[in-house]
Asks: 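What follows is a single structure, and I will ask about it in a moment.
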Amino acid sequence: MTQTHPKNQTQNSNSTAGDPRAAKEAKLKALIDSGLDPYPHVYDRTDMADALQDTYKDLADDTETKDTVSVAGRVMAMRNSGMFIDVMDTSGRIQVFCHKQSMSEDELAKLKFLDLGDIIGVKGTMRRTPRGELSVRATELHMLTKSLQPLPDKHHGLTDVEQRYRQRYVDLIVNEESRETLRTRSKIVSFIRRYMEDAGALEVETPMLHEILGGASAKPFVTHYNALDHDFYLRIAPELKLKRLIVGGIADSVFEINRNFRNEGVSIKHNPEFTMIEGYHAFKDYNDMMDLIEDLVGQTVEHIHGSRVITIDEQRVDFNSPWKRASMCDLVQDKTGIDFMVIETAEEAQKTALKAGVHVERTANWGQVVEACFDEKVEHTLIQPTHVINHPFEISPLAKGHRDIPRLVERFESFVNGWEIANAFTELNDPAIQRVRFEEQVSQREAGDEEAQMLDEDYITALEVGLPPTAGWGMGIDRLVMLLTDSPNIRDVICFPTLRPNFAKAEPSPSKPLSSVPEAKEENNDRYLTVDDSEYRFVVVVNGKETDTGRVMNAIGHSMVGLSGREAKDQDLCLINYEDIDGNIHPSVSHYPVIILKAKNGNQIRKIRQQALDKNLPFTDFTKDMQLGSSKEQVASLKTKKDEEVEYVVLSLFGKTSNLKELTGKLSLYK
RNA sequence: GACCGCUUAGCUCAGUCGGUAGAGCAACUGACUUUUAAUCAGUAGGUCGAGGGUUCGAAUCCCUCAGCGGUCACCA
């Protein structure tokens, strides 16, 4: 009896023992050495898994056929040393049976190159095993794509939530539920698009880059367009552009399905970029929109589920028309007993709301108080589809006043499962009233409300040209998909949800010496004209934990003086004599922008400082010790400290914009 | 932003009172050859998120930091 020497065993498997990645690479090499192509260009696949399962559903157990098929897909499981292979394609799964009776030695030998996760093509005949599993009896096996990454545990899949979204391609392979949810999303979007087209509406695309915020109340993303040297907002809503198209008469009905961007918190119901459909219909009012939304949503639910009654979050929800319609004030009265329609002033409204336990801002007007009460007391109770109608005019600057009730507008929001899914109104088309509404928004904005809208002068001009009586509506697609797929998290219904950038894994770029800063050309006042001021910049990073504004300003000042006086040369900084509009000369002004950013704490500054050191970028820092009385004390204090104990208040940097962005790209502006 | 929780092998997770670091899957070497999470025998795989502290001794207790998650607040 021969016994394998343990030492030999370890030597044989030395390079690959325990390391799935290395094992796969070894097999890849062996496969190439045997003259095979691990990544062939094409494969002649004739059959899909689910079609075969269907075609042969009546094939009896332990029956062979002579029907030849070829399938292709990913290896999901192997049993009996590769005799049984589960292959998954986009339609489903089928078992492949590899037996020496039906395969040549060469074909059989390919099994040893195979791993879970590889994509293979299989040619063979159909049979059903004695135990009842439909299988392809393989005659030929083809490696179509060698996989080098190990797949997650086959029983548990990927549970790390972050990795599921970051590596969606792995999630999709392993989790049937993820595949189904995202496929359903596509079905819903395509169904809605078809519905709108069938109704005669014209699909349009309007800009993502907006000069003026409007159409919704939200904080925006800001981006810079170099060629125009101008900041743009990523749009928060397409509303004002779409109504311009109705003015232009391109069609009586237009709609757009596209992304909106809102610079606000992430949660299980909010992604910073989300998909909305907005539609506008000339000669209609908000009553027509209620009918439209009920029918559209009802038909979509039926299309996806085959019924208009479905289960969401373990509750039965009935989408059959008609949906409940109730005014916002009536609903608030039902839940709180307060009749806001008889309350005249904002003060009285605030007092009453506070008594009912609803928190309201001191600056809140009557409409905002009503809205706060609704949000807190009513919204979450609206499980069955409900149109909440007739909002206060203060919270609806683009909606037309109610034809009978002076304080309200003709607006409604549709709620399901306690979430708002749609918002619609009869559009305000009187340019004079629109101007007043905008001005109210502007003064709210000036009073500190970042989400109040801006005055869009051109939009008013468009209204002056004449917007026909029009009704419009918007619906959050992601929310609708969440409802129809019963997904508790918005990330489940977005292919690649927004995640924090993964800085830890980012490759450090090779350091560039300071000498890479170009030499200044000439010392004259036109110099700034030849300088691309987007190329270089100053960045000041401020410790966010520092609360004393005066000290921060002081530190920034010291640090910048240090930077320009010591670390960077005049020609680097491109100092010019700047001539202002009155002809006055301001000497030694740098043409480069200064960006002030906020770091979480001193530690984050320390890291950026280290990177600046590594990259040889000019910088100066300002530490807590420098806030002490005399310079002697400062030096003494600093000397007692180890590097990791130094608390940084401010770090100033100068350099190429691209380099600085690598260091500080994840920081937000200091406010 | 505030609070709570998590971080241990490639993946999923145990780890008791502070006393030598564990399992299943995946991988590797074999056996077996009509399996269904195949089975059996064996092998290898760890800076216990990072740093500091307490202790004779720390995955375990304390502090700081980082990443992630959850809840709450604003927004759809």
Side-chain angles (χ1 to χ4, degrees), chain A residues 2-24 26-27 61-62 76-86 93 95 97-101 115-117 127-133 135 137 149-163 165-166 170 174 216-220 236-237 260 262-276 359 375-376 413-415 419-423 449-451 474-480 482 489-490 499-500 502-505 544 600-604 606-607 642 644-645:
Chain A
T2 53
Q3 200 176 350
T4 318
H5 199 277
K7 218 173 188 179
N8 284 346
Q9 277 189 7
T10 28
Q11 270 174 2
N12 289 342
S13 55
N14 202 15
S15 58
T16 62
D19 182 351
R21 162 85 190 204
K24 284 163 189 285
K27 287 181 189 174
D61 291 357
D62 201 10
M76 297 306 287
M78 288 198 281
R79 290 179 290 279
N80 289 41
S81 314
M83 183 184 285
F84 299 97
I85 303 172
D86 284 351
R93 286 188 184 221
Q95 177 169 277
F97 176 61
C98 297
H99 199 272
K100 51 190 170 190
Q101 284 174 356
D115 280 306
L116 293 184
R127 67 186 290 256
R128 193 176 289 279
T129 67
R131 304 213 183 181
E133 186 73 26
S135 305
R137 177 187 281 276
Q149 292 280 349
L151 285 180
D153 187 290
K154 65 181 168 192
H155 317 307
H156 302 96
L158 261 190
T159 55
D160 182 333
V161 179
E162 185 202 356
Q163 213 176 339
Y165 301 125
R166 231 179 253 296
V170 175
V174 179
S217 304
K219 289 174 209 147
I236 57 171
N260 289 341
R262 300 195 182 169
N263 204 341
E264 280 152 3
V266 180
S267 81
I268 58 171
K269 275 201 253 170
H270 299 88
N271 197 61
E273 50 178 298
F274 64 100
T275 304
M276 286 259 302
H359 173 78
D375 288 349
E376 201 152 315
E413 292 176 292
S414 308
F415 289 83
W419 309 342
E420 180 197 334
I421 60 159
N423 180 21
D449 185 351
E450 271 184 89
E451 296 179 359
M475 186 162 67
I477 297 290
D478 311 271
R479 291 266 175 96
L480 183 69
M482 285 171 75
N489 193 326
I490 193 168
L499 298 169
R500 179 186 298 272
N502 206 339
F503 284 94
K505 287 176 187 162
K600 253 184 162 170
N601 48 47
N603 232 28
Q604 199 172 14
R606 189 193 327 282
K607 276 184 205 160
K642 293 184 207 156
E644 62 268 19
E645 289 171 354

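Naming convention: chains lettered A, B, ... in sequence-line order (proteins, then strands); numbering from 1 in each chain.
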Asks: Quick check: on RNA chain B, is the nucleotide nearest A:Asn80 upstream (toward 5') of the one nearest A:Arg137, or the reverse? Name the residue that is more 5'.
Replies: A:Arg137
Asks: From the set B:rA76, B:rC28, B:rU71, return the single nucleotide nearest to any side-chain atom of A:Arg479.
Replies: B:rA76
Asks: Determine the interatomic distance between C1' on B:rG69 and the same-named atom on B:rG30; round to the nearest Å.
Replies: 43 Å
Asks: When rounded to the nearest Å, what value does the distance between P atoms of B:rG57 and B:rU20 take?
Replies: 15 Å
Asks: Need one value for A:Asp62: base, sugar-phosphate or nothing, where a base atom within 4.0 Å counts as base even if backbone is also close, heavy atoms only.
Replies: nothing
Asks: Of all the choices, B:rA27, B:rU33, B:rC74, which nucleotide is nearest to the side chain of A:Asp115 once you look at every atom?
Replies: B:rA27
Asks: Go ahead and name the base partner of B:rU36; Watson-Crick or wobble counts if both distances stay under 3.5 Å, otherwise write none.
Replies: none
Asks: When rounded to the nearest Å, what value does the distance between C1' atoms of B:rG18 and B:rA59 take?
Replies: 11 Å
Asks: Round to a whole Å and report the spacing from CD of A:Glu264 to P of B:rA76.
Replies: 7 Å
Asks: Expressed as a whole number of Å, how far does the C1' atom of B:rG24 sit from that of B:rU8?
Replies: 15 Å
Asks: Using a cut-off of 4.0 Å on non-hydrogen atoms, how would the nucleic acid contact of A:Glu420 be classed: base, sugar-phosphate, or nothing?
Replies: sugar-phosphate
Asks: With the six-membered base ring of B:rU33 as reference, does the ring of A:His99 sit under 5.5 Å away with planes under 30° apart?
Replies: no
Asks: Base, sugar-phosphate, or nothing: which does A:Gln95 touch, judged by heavy atoms less than 4.0 Å apart?
Replies: base
Asks: Expressed as a whole number of angstroms, how long is the span from A:Arg21:CZ to B:rA9:C1'?
Replies: 18 Å
Asks: Considering only atom P, compute the distance from B:rC11 to B:rU47 and round it to an integer number of Å.
Replies: 13 Å
Asks: Minimum heavy-atom separation for A:Ile85 to A:Cys98, with atom names?
Replies: CD1-SG, 4.0 Å
Asks: Can you tell me which nucleotide in B:rC28, B:rU34, B:rC75 comes closest to the side chain of A:Pro130?
Replies: B:rU34
Asks: Keeping the roles fixed (side chain from A:Arg479, backbone from A:Lys269), state whether a donor-acceptor pair exists under 3.5 Å.
Replies: yes
Asks: Could you give the distance separating B:rA38 and B:rU64 at their P atoms, to the nearest angstrom?
Replies: 48 Å
Asks: Are A:Asp115 and A:Lys27 within salt-bridge range, i.e. N to O under 4.0 Å?
Replies: yes
Asks: Rounded to the nearest angstrom, tell me the gap between atom CG in A:Asp375 and atom P in B:rC74.
Replies: 8 Å
Asks: Work out which heavy atom in A:Ser135 is nearest to a heavy atom in A:Thr129; give both atom names and the distance.
Replies: OG-CG2, 3.4 Å
Asks: Give a yes/no answer on whether the side chain of A:Lys27 brings an N or O atom under 4.0 Å of OP1 or OP2 in B:rA27.
Replies: no
Asks: If we call it a pair only when both distances are under 3.5 Å in a Watson-Crick or G-U wobble match, what pairs with B:rU71?
Replies: B:rA2
Asks: When you compare B:rU71 with B:rC25, how far apart are their C1' atoms, in angstrom units rounded to a whole number?
Replies: 33 Å
Asks: Between B:rA37 atom C1' and A:Arg79 atom CZ, what is the distance in whole Å?
Replies: 9 Å
Asks: How far apart are the closest heavy atoms of A:Pro152 and A:Val174, and which atoms are they?
Replies: CD-CG2, 3.8 Å
Asks: Starting from P on B:rC68, measure out to CG on A:Asn489 and report it in whole angstrom.
Replies: 15 Å
Asks: When you measure from the centre of the six-membered ring of A:Phe97, is the NZ or CZ of A:Arg127 closer than 6.0 Å and no more than 45° off the axis?
Replies: yes
Asks: Does B:rC11 have a Watson-Crick or wobble mate here (both distances under 3.5 Å), and if so which one?
Replies: B:rG24
Asks: Under 3.5 Å for both donor-acceptor distances, Watson-Crick or wobble: does B:rU16 have a partner, and if so which one?
Replies: none
Asks: B:rU29 pairs with which nucleotide, Watson-Crick or G-U wobble, both distances below 3.5 Å?
Replies: B:rA41
Asks: In whole Å, what is the span from the CZ atom of A:Arg262 to the C1' atom of B:rA73?
Replies: 18 Å
Asks: Let me know, please, whether A:Leu116 or A:Phe84 comes out on the 5' side of the other along RNA chain B by nearest nucleotide.
Replies: A:Leu116
Asks: Using a heavy-atom cut-off of 4.0 Å across all strands, would you classify A:Arg93 as base, sugar-phosphate, or nothing?
Replies: nothing
Asks: Counting side-chain heavy atoms from CB outward, which of B:rU34, B:rC75, B:rU36 is closest to A:Ala218?
Replies: B:rC75
Asks: Using modelled atom types only, decide if a donor and an acceptor are shared between the side chain of A:Asp86 and the backbone of A:Ala77 within a distance under 3.5 Å.
Replies: no
Asks: Pick out which of A:Glu133, A:Arg128, A:Arg79 makes a side chain to side chain donor-acceptor pair (under 3.5 Å) with A:Gln95.
Replies: A:Arg79
Asks: Rounded to whole Å, please give me the gap between NE2 in A:His270 and C1' in B:rC72.
Replies: 13 Å
Asks: Could you state the CE-C1' distance from A:Met78 to B:rU33, rounded to the nearest angstrom?
Replies: 15 Å
Asks: C1' atom, B:rG45 versus B:rA9: distance in rounded Å?
Replies: 6 Å
Asks: Counting only Watson-Crick or G-U wobble pairs whose two distances fall under 3.5 Å, which nucleotide matches B:rU47?
Replies: none
Asks: Do A:Ser81 and B:rC32 share a donor-acceptor pair, side chain to base, under 3.5 Å?
Replies: yes
